[in-house]
Amino acid sequence: MTTKPILLFLHGVGNGDPSDNWKHQLAKSLSNNGYPALDGVELIVPKFAHALRGVDEAEKLPPIVHKRPSKSDAAQIRRNFERRMSGIEFKLGRHDAGRGHVGVPLMIDAGVEFAPQMVQASNYLKNSDLRAQVLKLILSKLPSSGRLVLVGHSLGSVIAADLLLRLPASIEVIGFVTIGSPLGHSTFNIDKVWDNLKEPPAHLSWWVNFWNATDLITSGRGLSSVFPWMTDYKVSSGTNNPHKAHGAVQYLGIPVVAEAIGYALYGSKSKELTTHIGDVAAQLNDTEYLAHLALRYAHLISMRLEGDQKNRYQGALRQVQATLIDGIQHWNSEQGRTTPAALSRLAFDLADPTSIPPVPSPCAHLNVDQAIEPLSALVSENIIRPFEIAVSPETKQKALEDLSAELGLTSAFGTNVVTAAKQAHEILTGPKIVNWKRWTAVSVGAVAIVAATGGLALAAAPGVAGAALLTSALASFGPGGMVGGLITAGSLAGVGGGGLAYGLASSTTSAADLESVIERMLANEILRELLHLPMNPAIWIALTETEIQVRREYERLDEFSDANAPGIGEIRRKLTAVQRAIEYLSKQGHEPTLSE
């Protein structure tokens with residue numbers, strides 16, 4: 001088998017680019033991106049423009065060689081494919097998508113159906129003999145085995161998809177790039193190619209499609225609506241001329257397109273990530289410490305899992321770790337700050353499917369008071385968000401006990417954190433069967449409420465950076481991400497002020513979101529009680545202010561709304577949650593006295 005990959009380029013309609021201008025542009029773009037142009041790359045560039053005009057005699061279509069795998073094999077094939085797709089998506093992550101051109105979408109259907117240059121495409125779609133002739137011509141140029149990088153432009157992308165399952169069985173497609181593709185338009189669903197490629201074939205490593213909103217031929221959309229397992233990238237070609245925007249040279253001049261092809265041909269340029277040690281002297285700030293702590297906890301959980309669950313959890317954690325560290329490094333770079341070595345050593349090349357994520361070292365010791373908020377955040381947050389894998393409470397508790405011991409707090413501290421969270425959940429849900437699958441959930445909505453109402457800015461965060469830095473991090477990472485969730489959940493114990501109370505009482509905030517916030521506050525107070533530490537007076541203030549606002553909202557709506565209106569039911573549920581939390585704290589003697 002050939003070790004070096006072969007680049008197969010399939011041109012679009014027209015004269016087939018006899019001067020190979022596409023090649024000169026691609027070589028230039030690869031060089032600009034730090035790749036060695038096309039030196040030494042074997043190119044296969046079939047010219048089939050003449051074959052699209054007609055056929056002399058009847059031809060039979062080449063058979064489909066690659067059949068659908070069995071149901072048992074398909075799941076593993078898909079999982080391996082997703083691993084590689086995540087790698088290429090991570091590689092191409094940040095680019096300028098552009099804004100397209102006003103009015104172009106209105107012209108799309110007319111462009112696809114009636115443009116004069118689409119006659120060749122129509123011939124390929126409607127004449128099976130001509131189609132067979134083109135496919136056979138391309139196949140005759142290919143070796144019987146090897147590693148292939150497949151690039152298709154315009155109609156060439158349709159032919160490439162048609163060809164994909166007809167390639168020799170020993171050919172591995174290590175990268176598939178389509179540009180200016182009309183394959184998302186129903187007109188081009190030739191011979192049920194949409195159904196034939198319902199799942200990624202086993203011999204395909206990944207598929208990325210690039211489209212430009214100014215390009216009429218793309219139907220103003222990508223291909224993932226038809227092939228949901230691949231990925232689309234909207235790009236900016238720098239022109240509002242639809243004809244020019246569709247050209248292969250224009251697409252291949254876009255850096256992110258060249259990056260995808262360069263990666264397929266030469267592999268990753270990011271090997272330096274695994275050896276970069278960062279700033280040994282730099283200390284972790286609050287955001288970085290929470291991230292490091294969460295990754296350590298996730299790895300401790302992973303070590304306790306088995307079988308398929310362990311494999312899935314490790315796959316999810318692999319993507320979360322790479323994305324998180326890359327995000328922190330990018331965030332620090334924008335702030336002109338060097339990433340500490342403790343985090344930079346956790347970076348690895350996600351685009352390399354064989355790379356193994358480094359395991360975080362044990363974190364620096366915390367005292368008991370410092371540990372309450374971050375560890376409570378861990379137990380309340382999905383640390384592999386956006387993935388959702390149900391890990392048993394027992395496994396999570398054992399991992400948290402291990403983490404607590406590493407932090408110099410003894411494993412009993414971890415047990416207390418979990419106990420406090422469970423007790424808070426039971427207090428708010430009342431005397432009924434507890435759904436333990438959800439007792440640790442802080443919803444994305446609850447996170448967003450705290451951020452949007454300014455509650456986070458009022459939280460006194462432990463450590464060196466303070467609330468201002470945490471708020472900045474939340475703005476950068478988004479409230480729905482793992483970092484945003486940890487920051488917010490970890491800061492809830494210090495939240496106060498009317499802004500949060502108004503936000504929680506608002507009809508736009510669900511009862512579930514309010515319960516998530518109240519539950520975290522109550523859990524922190526119960527944990528302090530278990531540890532014989534002074535209560536946090538800000539919690540009582542936050543709860544009573546919220547009760548006032550929720551009750552006022554209830555009275556305002558109840559007077560005129562239907563008694564069984566859904567909104568009234570939601571606000572009753574909110575009021576019940578707040579009252580239960582206040583009642584518990586009052587019974588435990590945490591209500592402020594007159595002397596206080």
Side-chain angles (χ1 to χ4, degrees), residues 380 420-421 423-435 438-439 441-459 479-480 488-489 491-526 529 535-596:
S380 66
Q423 191 173 339
H425 183 79
E426 291 172 339
I427 290 167
L428 294 191
T429 55
K432 62 182 180 180
I433 297 174
V434 176
N435 179 1
R438 296 187 56 83
W439 69 264
V442 170
S443 72
V444 173
V447 173
I449 283 295
V450 178
T453 58
L456 181 62
L458 300 172
T488 308
S491 302
L492 283 176
V495 169
L500 178 62
Y502 277 112
L504 293 175
S506 169
S507 58
T508 60
T509 301
S510 71
D513 287 339
L514 176 140
E515 288 171 343
S516 293
V517 174
I518 300 303
E519 189 173 313
R520 296 281 61 76
M521 293 180 179
L522 187 57
N524 275 273
E525 287 297 84
I526 294 172
E529 187 177 45
M535 296 297 103
N536 183 352
I539 296 297
W540 179 268
I541 295 171
L543 289 172
T544 53
E545 287 181 342
T546 301
E547 182 192 26
I548 291 170
Q549 297 304 328
V550 171
R551 186 177 293 282
R552 179 68 195 108
E553 183 73 1
Y554 175 74
E555 295 298 331
R556 185 175 69 86
L557 298 179
D558 181 58
E559 188 64 31
F560 300 102
S561 300
D562 293 339
N564 59 351
I568 295 297
E570 279 281 288
I571 205 160
R572 285 197 192 106
R573 181 177 161 188
K574 288 183 182 182
L575 194 56
T576 298
V578 179
Q579 288 175 332
R580 283 176 174 169
I582 292 174
E583 182 182 1
Y584 172 82
L585 293 180
S586 180
K587 286 182 178 179
Q588 297 303 113
H590 303 316
E591 183 175 358
T593 63
L594 292 176
S595 60
E596 296 175 308

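All residue numbers in this chain count up from 1 along the given sequence. Given the structure is predicted, the values throughout are model-derived calculations rather than measurements.
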### Message
What I want to check is whether the side chains of Tyr584 and Glu525 have a donor and an acceptor closer together than 3.5 Å.
### Response
no
### Query
Do you know which two heavy atoms are closest between Ala563 and Ile568, and how far apart they sit?
O-CG2, 4.1 Å
### Query
Where is the tightest heavy-atom contact between Glu519 and Ala421, given as atom of each residue plus distance?
OE2-O, 4.3 Å
Measure from the side-chain N and O atoms of [X] to the backbone N and O of [Y], and report whether any donor-acceptor pair falls under 3.5 Å.
{"X": "Ser561", "Y": "Asp558", "result": "no"}
{"X": "Glu547", "Y": "Gln579", "result": "no"}
{"X": "Ser516", "Y": "Ala512", "result": "yes"}
{"X": "Lys574", "Y": "Ser506", "result": "yes"}
{"X": "Glu570", "Y": "Ser510", "result": "no"}
{"X": "Ser586", "Y": "Ile582", "result": "no"}

### Task
Please report the C-alpha distance between His590 and Glu529 in whole Å, then the side-chain angles of each, then the deciding distance to 0.1 Å, and finally whether the side-chain contact (heavy atoms from CB on, under 4.5 Å) criterion is met.
CA-CA 10 Å; His590 303 316; Glu529 187 177 45; 3.4 Å; yes
### Task
Any chance you could lay out the side-chain contact (heavy atoms from CB on, under 4.5 Å) test for Asn524 and Ile539, step after step, and finish with the verdict?
CA-CA 9 Å; Asn524 275 273; Ile539 296 297; 5.6 Å; no
### Query
At what distance, to the nearest 0.5 angstrom, does CZ of Arg580 lie from CG of Leu428?
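Arg580 CZ to Leu428 CG: 7.5 Å, rounded to 0.5 Å.
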### Message
Using 0.5 Å steps for rounding, measure from the CD atom of Glu545 to the CH2 atom of Trp540.
### Response
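So the CD of Glu545 and the CH2 of Trp540 are separated by 12.5 Å.
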### Message
Just to verify, what does Glu515 make a side chain to side chain contact (heavy atoms under 4.5 Å, CB included) with, not counting sequence neighbours?
### Response
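For Glu515 the side chain to side chain contact (heavy atoms under 4.5 Å, CB included) partners, ignoring immediate neighbours, are Arg573, Ala577.
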### N-O pairing of Arg556 and Glu553 below 4.0 Å
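Result for this pair is yes, salt bridge flagged.
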### Task
Take Leu514 and Thr546, measure what side-chain contact (heavy atoms from CB on, under 4.5 Å) needs, and give me the verdict at the end.
CA-CA 10 Å; Leu514 176 140; Thr546 301; 4.2 Å; yes
### Query
Got Leu543 and Leu522 here, is their nearest side-chain heavy-atom distance under 4.5 Å?
no
